[in-house]
Amino acid sequence: MIDIKIVRNNPEVIEEALKNRNVDPTLLEEVLKIDVERRKVIAAADKKKAERNAISSNIAKLMSEGKKNEAQALKDKAKKISQEVKELNQKAGELDELLRAKLLYIPNIPHSSVPIGSDENDNIVVRKWGKPRSFDFEPKPHWELGVQSEQMDFDRAAKLSGSRFVVLRSQLAKLERALINFMLDLHTTEHGYQEVSLPHLVKRETMLSTGQLPKFEEEAYKTEPDDLFLIPTAEVPLVGQHRDEILEFNSLPRKYTAYTPCYRREAGSYGRDVKGMIRVHQFDKVELVWFTHPESSYDTLETLTANAEEVLKRLKLPYRVVSLCSGDLGFAAAKTYDLEVWLPSYNTYREISSCSNVEDFQARRGNIRFRDRDNKLKFVHTLNGSGLAVGRTLVAIVENYQLPDGRIQVPEVLIPYMGLEVIA
RNA sequence: GGAGGCGUAUCCUAAUUGGCUAAGGAGCCGGUCUUGAAAACCGGUGGGGUGAAGGCCCCGUGUGGGUUCGAGUCCCACCGCCUCCGCCA
């Protein structure tokens with residue numbers, strides 16, 4: 001959530017942020033209008049309350065002196081004021097709620113280093129690693145390779161659950177498991193993250209604090225009658241863990257990694273990536289999340305991104321790092337690097353990880369604070385990144401490591417996890 | 001699902017015939033003292049409104065209502081945690 005004080009004192013900052021994100025700026029005007037009205041009502045209510053409090057203490061004094069008649073006169077007066085207070089209070093409460101509801105729909109302010117642009121075409125390639133392999137045969141897309149070996153089963157998945165699901169078998173099922181273990185081992189033993197095993201169903205408030213709600217409710221799977229949501233990413237419970245907490249200064253930064261399935265309705269993506277397992281309703285992901293001091297969060301973004309990149313480097317998968325432009329930035333993010341892996345079937349780079357600094361946007365919504373050196377309570381900064389999306393990593397391996405006969409060579413670092421060198 | 005208990009500030013813990021400022025302790029921050037530190041002592045340590053500022057004011061005892069001039073305290077509903085019983089991988 002955006003700080004109302006920034007909205008109030010520097011509306012031009014928000015206005016520019018909304019403009020750069022291609023978001024309708026009328027939202028800002030509404031917020032400002034409500035805020036002015038709200039403060040007016042609060043000031044009026046406070047004045048009445050002060051008046052009533054003064055009378056109340058007079059009544060107490062008179063009562064103790066036994067002057068009942070005088071006290072009664074004041075009581076009548078106070079009762080009237082109390083009625084006025086009640087009305088003003090109610091009005092203030094309504095405006096407060098209205099303001100909060102509007103604020104929850106305002107996206108984060110892009111960081112000054114974020115390139116200004118309208119869509120993904122304006123993203124900037126920061127660096128590239130590795131060279132796309134040149135095949136001396138015609139490479140096949142993963143869905144052909146997988147179906148051919150009967151280890152990727154889209155028909156049965158559709159029978160079970162409909163479109164955009166996949167069933168994996170045998171060595172590909174094992175490859176998925178191997179990737180999860182490889183990623184978790186790397187992040188815990190070499191990058192210093194704490195592994196966490198988490199609930200996959202979370203409350204509405206949890207989704208709200210990370211920014212998935214209220215704006216993107218149609219993207220989430222919701223359960224009835226409990227109003228629990230299936231997580232679209234482990235970021236949600238990882239960040240939500242510390243909701244309404246005050247973290248020790250010395251416990252920061254906190255670094256967590258978690259493997260979870262991710263559930264996404266993919267509403268509005270009909271017709272995109274319909275073949276294969278690039279875009280499915282359920283996929284595995286190993287997530288990285290940091291809680292940091294505000295002053296170090298941008299250094300952390302570089303570290304976090306490097307941690308995710310390390311997975312691709314060890315798997316020897318060619319990739320590039322892209323800095324998302326303002327128009328392509330996610331709702332909660334102040335700055336995002338996407339990692340894109342080379343996919344022969346698409347003949348291009350496709351997103352496999354997204355690493356973001358959301359600054360205090362989620363901390364403000366979730367009330368996650370720490371006590372600073374000056375003893376003041378402040379909001380932490382949170383960062384998240386995929387390290388990596390397991391399904392897409394599997395796709396990348398299948399396509400990039402394919403052999404002319406359709407078998408898949410196992411990347412060297414995965415051989416200990418797979419117990420074999422080639423997937424037949 | 002049934003029964004009972006408990007929710008107070010960063011933490012621990014008080015406060016019932018409803019009434020001045022939610023007492024006390026710990027931690028932390030700042031200050032005094034000291035060669036330095038410790039101890040001791042003093043002040044501060046949630047949110048909001050208003051003001052150029054000193055300041056002034058309002059709210060805050062799980063949440064939301066109610067009674068009352070006035071609620072930590074009385075009433076109602078809800079939420080969370082704990083214990084026991086039942087069911088259960």
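None of these values were measured; they are calculated from a predicted model. Each chain gets a letter, A, B and so on, in the order the sequences are listed, and its residues count up from 1.
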What's [X] touching, base or sugar-phosphate or nothing? Going by heavy atoms closer than 4.0 Å.
X     : result
A/A60 : base
A/I81 : nothing
A/I59 : base

If the [atom1] atom of [N] is compared with that of [M], how far apart are they to the nearest Å?
N     : M     : atom1 : result
B/C20 : B/C78 : P     : 32 Å
B/A71 : B/G64 : C1'   : 15 Å
B/U34 : B/G44 : C1'   : 23 Å
B/G46 : B/C29 : P     : 15 Å
B/U8  : B/G25 : C1'   : 15 Å
B/C41 : B/C57 : C1'   : 32 Å
B/C69 : B/C12 : P     : 37 Å
B/A15 : B/C28 : P     : 28 Å

What is the separation between atom [atom1] on [X] and atom [atom2] on [N], rounded to the nearest whole Å?
X      : N     : atom1 : atom2 : answer
A/K376 : B/U10 : NZ    : P     : 13 Å
A/D244 : B/G60 : CG    : P     : 18 Å
A/Q90  : B/G65 : CD    : P     : 9 Å
A/R373 : B/U10 : CZ    : P     : 21 Å
A/N58  : B/C69 : CG    : P     : 16 Å
A/K49  : B/A71 : NZ    : P     : 11 Å
A/N375 : B/G31 : CG    : P     : 13 Å
A/N89  : B/G60 : CG    : C1'   : 13 Å

Look through every strand shown and name the nucleotide pairing with [N] as Watson-Crick or G-U wobble, where both distances are under 3.5 Å.
N     : result
B/A23 : none
B/A40 : B/U32
B/A3  : B/U83
B/U8  : none
B/G51 : none

Point to revise | A/T257-A/E195 side chain donor-acceptor pair, cut-off 3.5 Å | key: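 Their side chains do not contain a donor-acceptor pair, so the 3.5 Å distance test is not met.
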Check your understanding: Side chains of A/T382 and A/Q362: do they bring a donor and an acceptor to under 3.5 Å?
Key -> yes
Looking at [X], I'd like to know whether one of its side-chain N or O atoms comes within less than 4.0 Å of OP1 or OP2 on [N].
X      : N     : value
A/R204 : B/C79 : no
A/K86  : B/U67 : yes
A/N53  : B/C59 : yes
A/S57  : B/G70 : no
A/R371 : B/C11 : no

Please determine, for the side chain of [X], which listed nucleotide ([options]) has the closest atom?
X      : options             : value
A/S56  : B/C69, B/G80, B/C58 : B/C69
A/D46  : B/U50, B/C69, B/C57 : B/C57
A/R52  : B/G70, B/G48, B/G19 : B/G70
A/S82  : B/G44, B/G70, B/C57 : B/G70
A/I246 : B/G49, B/U10, B/C69 : B/U10
A/I42  : B/C58, B/U10, B/G49 : B/G49

Revision key, fill the gap. 5'-most contact on RNA chain B (nearest-nucleotide basis), A/L377 vs A/D372, goes to A/D372
Study note, to complete from the structure: Taking for A/R38 and for A/K79 the nucleotide of RNA chain B with the nearest heavy atom, the one nearer the 5' end belongs to A/R38
Exercise for review: Report the C-alpha distance between A/Y337 and A/E302 in whole Å, list the side-chain angles of each, state the deciding distance to 0.1 Å, and finish with yes or no for side-chain contact (heavy atoms from CB on, under 4.5 Å).
Suggested key: CA-CA 9 Å; A/Y337 291 120; A/E302 300 302 321; 2.7 Å; yes
Practice item. Run the numbers on A/K102 and A/E30 for salt bridge (charged side-chain N to carboxylate O under 4.0 Å, His left out), then give the verdict. Key: CA-CA 8 Å; A/K102 296 278 182 198; A/E30 290 178 65; 2.7 Å; yes
Review point. Any sub-3.5 Å donor-acceptor pair from A/N10's side-chain atoms to A/E12's backbone N or O?
Key: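 Side chain of A/N10 to backbone of A/E12, a donor-acceptor pair under 3.5 Å: no, none is there.
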**Study point:** Cationic tip of A/K255 above A/Y193 ring, under 6.0 Å, 45° of axis
**Key:**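 Yes, A/K255 and A/Y193 form such a contact.
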Practice item. Using the salt bridge (charged side-chain N to carboxylate O under 4.0 Å, His left out) rule, take A/E266 and A/R264 through it: C-alpha gap first, then chi angles, then the decisive distance, then the call. Key: CA-CA 5 Å; A/E266 298 295 344; A/R264 299 185 181 180; 5.2 Å; no
Exercise for review: In sequence, state the C-alpha distance, the side-chain angles, and the governing distance for A/V147 and A/D153, and then conclude on side-chain contact (heavy atoms from CB on, under 4.5 Å).
Suggested key: CA-CA 6 Å; A/V147 170; A/D153 190 341; over 6 Å; no
